[in-house]
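What follows is a short report on a single structure.
Since the model is a prediction, treat every value here as computed from it, not as a measurement. Indexing begins at 1, ligand by ligand and atom by atom, following the structure's order.
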Amino acid sequence: MIFNKYNKEENLYILNYPENEEELCALECRVLFNKEAKGKYLFSNYNFDASNSPFIKSALRIKVFKNSLEEVIEEIKEKNISYENFKVIYLRLEDCDISYKERLDSVYKVGTAVNGIANIKNPSITLGLVKVQNYWIFGEFDKNNCLWHIHDKKPKSYSNSLSFRVAKSLINIGIGRDRSLKVIDPCCGVGTVILEGLFMGVDIEGVEIKPQIASDCKRNLEFFNYKDVITKGNIKDIEKVYDVSIIDIPYGVFTPTTKEEQELIINSARKISKKLILISFENMDEMLHQAGFKVEDSASFSKGNFIRYISVCI
Ligand SMILES: C[S@@+](CC[C@H](N)C(=O)[O-])C[C@H]1O[C@@H](n2cnc3c(N)ncnc32)[C@H](O)[C@@H]1O
């Protein structure tokens, strides 16, 4: 059991992910919520903005949590729960066992129990109702606004660029709940990770060795009116120390590289950061251990025919 009526959680998060990113979503949930999702939903007392994850479709900020719909309605009336310009929706989960008619009826009953004026067409707030396991839950509905999809239109993109969904998740995996951490992507390519970090208000910088790629990265940042946080240079010359490095290491598939170059990158990451999130084409645990990292957690996801590994290292 993930919860019972004596152990109430404050938020219900509804997840969605393509099959090839299931492990990545699970890793993000472990880092952010310290637990695994149950199917495509997760309960947590941690209040997280749904729009800050590529995998959280929506969140329900729980107000009433009961064994039956009747009890939910009773409590809404008893507590005189009031909203102006509200709309009530039923949240369909993957394993929803409520018929369409029951869903309509339940939404209508809850809508009439709430004190205030409903406004279906142009609501100021959306309220959600859902039956999960054998519990009925009512709360404020918070939908992922998906504004971060604008980065899909970045002017410069390479075939080895990460997807902006993966990049966004890497930021969450890197910083967890602490949005004040200082982050670096010291092999930043055209800056996919940097764009997501800046969008989320994270203190992030990038370094890229190849002048043309560094200039394309700057162009991407400029296109979205972000400040220039990119330096053209080599990871080995970075002198500052950061809380987190996020490194999509050159693998030799798209970008020519050697084992020595990879070692140099990982050894440099050890010097400049307390924590490393490494994205690689193969398991690099041995090289990570030799550099002095401990692999705390990991996941993999596929992109086309390739599998990519994510290692969370301290
Ligand atoms: C796999 S790509 C990163 C792609 C990036 N994540 C993106 O989405 O655009 C690795 C990048 O590291 C850069 N690189 C390789 N060696 C480096 C070094 N020693 N210091 C800094 N950057 C380096 C490469 O030029 C390449 O652009």
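- Considering only non-hydrogen atoms, atom 22 (N) of ligand 1 lies nearest to Ile209 out of Ile209, Asp185, Asp216.
- Side-chain atoms of Lys35 come within 3.5 Å of backbone atoms of Phe43 as a donor-acceptor pair (strictly under, hydrogens ignored).
- Between Leu162 and ligand 1, at least one N/O pair is under 3.5 Å apart.
- Without hydrogens or angle criteria, Asn234 side chain to Ile209 main chain gives no donor-acceptor distance under 3.5 Å.
- Salt bridge Lys240/Glu205: present, at least one basic N to carboxylate O contact under 4.0 Å.
- Taking every non-hydrogen atom of Thr192 and a distance limit under 4.0 Å, the qualifying atoms of ligand 1 come out as 7 (C), 8 (O), 9 (O).
- Under the side-chain hydrogen bond (donor to acceptor under 3.5 Å, both in side chains) rule, Asp216 has a single partner from Lys218, Gln212, Arg219, which is Gln212.
- Side chain to side chain, Tyr46 and Asn34 fail the donor-acceptor criterion of an N or O pair below 3.5 Å.
- Counting the atoms of ligand 1 from 1 in the order shown, those under 4.0 Å from a heavy atom of Asn234 are 18 (C), 19 (N), 20 (N).
- Judged by the shortest distance from any of its heavy atoms, Cys188 lies inside the 4.0 Å radius around the atoms of ligand 1.
- At a heavy-atom cutoff of 4.0 Å, ligand 1 is contacted by the backbone of Pro186 but not by its side chain.
- Where the criterion is an N or O separation shorter than 3.5 Å, residue side chain and backbone included, Ile249 fails it with respect to ligand 1.
- Heavy-atom contacts of Ile265 reach the following atoms of ligand 1: 16 (N) (cutoff under 4.0 Å).
- For ligand 1, the atoms sitting less than 4.0 Å from at least one non-hydrogen atom of Ile213 are 27 (O), numbered in the order shown with element in parentheses.
- Heavy-atom separations between Ala167 and ligand 1 are all 4.0 Å or longer.
- Outside the 6.0 Å centre-distance limit, the rings of Phe199 and Phe224 are not counted as a close aromatic pair.
- The aromatic rings of Tyr17 and Phe55 lie perpendicular to each other, with more than 60° between the two planes, well past the 30° mark.
- In this structure, Glu261 has no heavy atom closer than 4.0 Å to ligand 1.
- In this structure, Tyr13 and Phe33 have tilted ring planes: the angle between them lies in the 30° to 60° band.
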